Amino acid sequence: MSSSSSEGYQENSSSDESEEQLSKREERSLKQRKMKRTKQKVLFLPSRGITTRQRHLMKDLISLIPHYKKDSKLKAKNKLKMINEICQINSCNNCLFFESRKNNELYLWAAKVPRGPSIRFHVLNIHTMSELNMIGNCLNGSRPILTFDKAFDSQPHYKLAKELFCQIFATPKRHPCSKPFVDHTLSFTLINDKIWFRNYQIIWKDPKVKDSETRLVEIGPRFVLKMVRIMAGSFSGVTIYKDGAWVSPNEKRIQLKKEKQQKYQKKLLERQKQRKRKTKNILPKNELQDVFKD
């Protein structure tokens, strides 16, 4: 009787434990369902003909964004609507397209797929991490603090750019590739209608050490963005904003060639004028010129 009673007691205790484990699992699953994860994925897409420096810049940005996906180089630059299909295949709702043009000119497209908007930037003053060799360092996959200049709230097109940067560069909450540490900050500042991008390491103050303060040490990369155009759709649609004062580098080169041509034409005109003066100012023959020859 004693052995049978002990066996029944063990069976009851094991069943109670299994029920408790099941209830805990159900609670965890309910919590996970309630804790909705913001699904943001960024597709990095380069164009054909991208240079080594531009490729290194793209790799530096990929190292700062853990929620990224990468695709092969795009051949057709004129058919940008194909990028929407590539994003859908890779299940991405954001895109950074690196478009290389003549004489190593780089344009960056930042778009919200599939409905838009999309912003085209001209990238200037590129400095990669390998070129800078800064002292700063941060953990791979850590969440950054995004800091924006007050001037971003002054005009509507800068407000739109700020919101788009937040959705692209901010690491989503509870992302599997992210780490729960905050050790670097991404700063976006507006100077002369240009967006200056910087990446800094945050060295927090040590409570054990006296007179210690939080410091910022630059990591890299560095680049400057000039906003060219904003479209309502994703790589298409109505132009919402266009910078009228911006002149493309190709047009600048054409103007320089024209100025050089004008300089050459001015030289030719001056030579023709000199020849005409020489023909007009011919002195008459002097009668006494050959008197003292004998």
Side-chain angles (χ1 to χ4, degrees), residues 38-62 64-124 126 155-170 172 175 188 194-195 197 223-251 253-254:
T38 54
K39 294 181 180 179
Q40 295 286 338
K41 289 182 183 178
V42 185
L43 180 71
F44 281 82
L45 188 66
S47 68
R48 184 70 69 183
I50 197 167
T51 60
T52 52
R53 180 178 282 183
Q54 294 164 5
R55 190 175 69 252
H56 284 300
L57 175 68
M58 190 180 73
K59 285 181 179 179
D60 291 344
L61 290 174
I62 284 169
L64 298 175
I65 299 173
H67 55 287
Y68 80 94
K69 280 197 173 181
K70 192 181 173 184
D71 208 296
S72 58
K73 293 177 181 179
L74 187 70
K75 291 181 181 179
K77 294 179 184 177
N78 297 324
K79 297 177 182 178
L80 295 178
K81 289 183 181 179
M82 292 169 62
I83 298 170
N84 296 325
E85 296 176 5
I86 296 165
C87 289
Q88 285 179 1
I89 291 163
N90 291 297
S91 64
C92 294
N93 51 3
N94 299 302
C95 182
L96 285 175
F97 175 56
F98 294 81
E99 183 185 9
S100 181
R101 286 287 180 181
K102 285 181 183 178
N103 293 330
N104 304 329
E105 295 292 338
L106 181 64
Y107 293 90
L108 179 66
W109 287 83
K112 190 76 182 170
V113 180
R115 295 182 180 179
S118 54
I119 307 175
R120 192 190 189 202
F121 298 99
H122 183 213
V123 187
L124 305 164
I126 298 169
Q155 294 179 5
H157 57 279
Y158 287 129
K159 282 183 182 178
L160 185 64
K162 179 183 175 181
E163 183 61 31
L164 195 59
F165 285 146
C166 285
Q167 293 189 17
I168 290 171
F169 288 98
H175 194 272
F188 300 87
K194 291 176 184 176
I195 301 166
F197 177 88
F223 58 91
V224 181
L225 298 173
K226 176 65 180 174
M227 193 183 292
V228 178
R229 183 177 291 181
I230 301 175
M231 291 174 142
S234 177
F235 300 99
S236 62
V238 184
T239 302
I240 301 169
Y241 170 79
K242 187 179 179 181
D243 191 359
W246 182 75
V247 181
S248 67
N250 197 20
E251 289 177 359
R253 284 192 291 270
I254 290 164

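Quantities reported herein were computed from a predicted structural model and do not represent experimental measurements. Side chains included, hydrogens not; waters and symmetry mates left out as well; all remaining heavy atoms used.
- Of the inter-residue distances, the one linking F235 atom CZ with R120 atom CZ reads 11.5 Å to the nearest 0.5 angstrom.
- In this structure, CG in L45 is found 10.0 Å from SG in C92, a value given to the nearest 0.5 Å.
- Counting only distance, with no hydrogens or angles, the side chain of S100 and the backbone of G49 share a donor-acceptor pair below 3.5 Å.
- Dense packing is recorded around CZ of R253, with more than 12 heavy atoms of other residues, nucleotides or ligands lying under 6.0 Å away.
- Residue I65 comes nearest to Y68 through the heavy atom pair O-CD2, 3.2 Å, listed as atom of the first residue, atom of the second, then distance.
- Rounding to the nearest 0.5 Å places CD1 of I86 at 8.0 Å from SG of C95.
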>> Apply side-chain contact (heavy atoms from CB on, under 4.5 Å) to residues E99 and R101 and explain how you reach the verdict.
In response: CA-CA 7 Å; E99 183 185 9; R101 286 287 180 181; 2.6 Å; yes

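- Between A161 and I119, the closest heavy-atom pair is CA-CD1, 3.8 Å.
- With rounding to the nearest 0.5 Å, the separation of CD1 in I89 from CD in E85 is 6.5 Å.
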> Checking side-chain contact (heavy atoms from CB on, under 4.5 Å) for the pair Y107/F97: CA distance, chi angles, key distance, verdict?
Replying inline: CA-CA 8 Å; Y107 293 90; F97 175 56; over 6 Å; no

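- Contact annotation: the side chain of P114 approaches that of Q88 to within less than 4.5 Å [non-hydrogen atoms, C-beta and beyond].
- Expressed to the nearest 0.5 Å, how far CZ of F169 lies from CG of L61 amounts to 5.5 Å.
- Aromatic ring pairs are classed by plane angle as parallel below 30°, tilted from 30° to 60° and perpendicular above 60°; the pair F165 and F188 is parallel.
- Between L124 and K194, the closest side-chain pair of non-hydrogen atoms falls below 4.5 Å.
- Across all non-hydrogen atoms, the minimal contact from A110 to I168 is CB-CD1, 4.1 Å.
- Minimum interatomic distance between S118 and A111 (heavy atoms only, all atoms of both residues): CB-CB, 3.6 Å.
- Within the 4.5 Å cutoff, no side-chain heavy atoms of Y241 are placed close to those of R229.
- Here the side chains of I83 and W109 are not in contact, with every heavy-atom distance at 4.5 Å or above.
- Using a 3.5 Å distance cut-off with no hydrogens or angles, the side chains of T51 and N104 do not pair a donor with an acceptor.
- In this model, no donor atom of one side chain and acceptor atom of the other lie less than 3.5 Å apart for H175 and Q40.
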>> For F223 and L57: C-alpha separation, side-chain torsions, deciding distance, then whether side-chain contact (heavy atoms from CB on, under 4.5 Å) applies.
In response: CA-CA 9 Å; F223 58 91; L57 175 68; 3.7 Å; yes

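- In this structure, K73 and S47 have side chains that are not in contact, with every pair of non-hydrogen atoms separated by 4.5 Å or more.
- The side-chain heavy atoms of I230 and T239, taken from C-beta on, include no pair separated by under 4.5 Å.
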>> For M227 and Y158: C-alpha separation, side-chain torsions, deciding distance, then whether side-chain contact (heavy atoms from CB on, under 4.5 Å) applies.
In response: CA-CA 9 Å; M227 193 183 292; Y158 287 129; 4.0 Å; yes

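- A 4.5 Å side-chain heavy-atom check between F197 and V224 finds every atom pair outside the cut-off.
- Taking the six-membered ring where tryptophan is involved, the planes of H122 and W246 are perpendicular, since the angle between them exceeds 60° and thus also 30°.
- At most 12 heavy atoms of other shown residues, nucleotides or ligands fall within 6.0 angstrom of atom NZ in K81.
- For the residue pair N94 / K112, a side-chain donor-acceptor distance below 3.5 Å is found, with atom types taken as modelled.
- Q54 approaches L106 most closely through the heavy-atom pair NE2-CB, 3.7 Å.
- Between V42 and H67 there is a side-chain heavy-atom pair separated by less than 4.5 Å.
- In this structure, the separation between CG on D71 and CG on N90 is 5.0 Å, given to the nearest 0.5 Å.
- Every residue two or more places apart in sequence or in another chain that forms a salt bridge (charged side-chain N to carboxylate O under 4.0 Å, His left out) with K162 is listed here: D153.
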